[in-house]
Amino acid sequence: MARLGIMGGTFDPIHYGHLMTAEEARERFGLDKVLFVPSGHPPHKKLTDVSDAEHRYLMTVLATLSNPAFEVSRVDVDREGITYTVDTLRDLHRLYPDDELYFITGADAVLEIITWKDAHRLVELCDFIAATRPGYPIDALEEKLGALYTDCRECFHFVEVPALAISSTDIRARVREGRPIRYLLPESVVYYIEKNGLYLEGRK
């Protein structure tokens, strides 16, 4: 039985914060592989608020090529309709029936899981690894999670990641404003953004 990390997100664009989080979780929890899953149509965003899914998928592929423990899945990109985490996990269970799944996300998002579609099923389908910034009050987070998920406190794990200060929103703003983005994300992704004219105007 393998341990499979699931790194979901819009990845618009993917950056070193995402990559560092995945690698830190992989090392800290002995994950055999981390599967990056770019979302298709996120439920919390309009389609006009995110770049085309194919762009986001290709940027994720470029960013992860150099790490043999990283792979990218099209399971959400190819699915029609809104992308819900519970559907992603069900599909991945069918694709990897013998693996233990660990969903990697931010600490703030972990507290919102109870509002996600079929939230009661999520803790049955996987464990959660919550990424925090240095100095984040993990004890307070554990207490809140314990109150929300009384039957599955052991389903949540924590990992500290220094690079979480990087954000996709800031990168998009920098591109629009003509400011540098190099060293915030892989060179291959910088080149892809420039070649395809992404983030030059429109949404934030």
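Residue pairs meeting the salt bridge (Lys or Arg N to Asp or Glu O under 4.0 Å) criterion with at least one member in residues 101-114, sequence neighbours excluded, do not occur. Residue pairs meeting the salt bridge (Lys or Arg N to Asp or Glu O under 4.0 Å) criterion with at least one member in residues 73-86, sequence neighbours excluded, are E54-R74, R74-D78, D76-R79, R79-D91. Among pairs with a residue in residues 124-137, those fulfilling salt bridge (Lys or Arg N to Asp or Glu O under 4.0 Å) read R121-E124, at least two apart in sequence or across chains. The ring-ring contact (aromatic ring centres under 6.0 Å, His included) analysis of residues 122-145, with sequence neighbours excluded, yields the pairs F103-F128, F128-F156.
Pairing each heavy atom of P38 with each of T60, the nearest pair is CG-OG1, 3.8 Å. Minimum heavy-atom separation, A53 to G40: CB-O, 4.5 Å. Listed here is the closest heavy atom pair of T10 and P42: CG2-CG, 3.5 Å. Residues I171 and H15 come closest through the heavy atom pair CD1-CB, 3.6 Å. Counting all heavy atoms, side chain and backbone alike, L19 lies closest to P186 at CD1-CG, 3.7 Å.
Counting heavy atoms from C-beta outward, P13 and L185 have side chains that approach closer than 4.5 Å. The side-chain heavy atoms of P68 and K33, taken from C-beta on, include no pair separated by under 4.5 Å.
Partners of E187 under the side-chain contact (heavy atoms from CB on, under 4.5 Å) rule, at least two apart in sequence or in another chain, are R182.
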I'd like a table of donor-acceptor pairs (distance under 3.5 Å, sequence neighbours excluded) in which one partner is a side-chain atom from residues 141-148, with atom names and distances.
none

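Side chain of N67 to backbone of A69: a donor-acceptor contact under 3.5 angstrom is found.
For the atom pair S73 OG and Y57 OH, the distance stands at 8.0 Å (nearest 0.5 Å).
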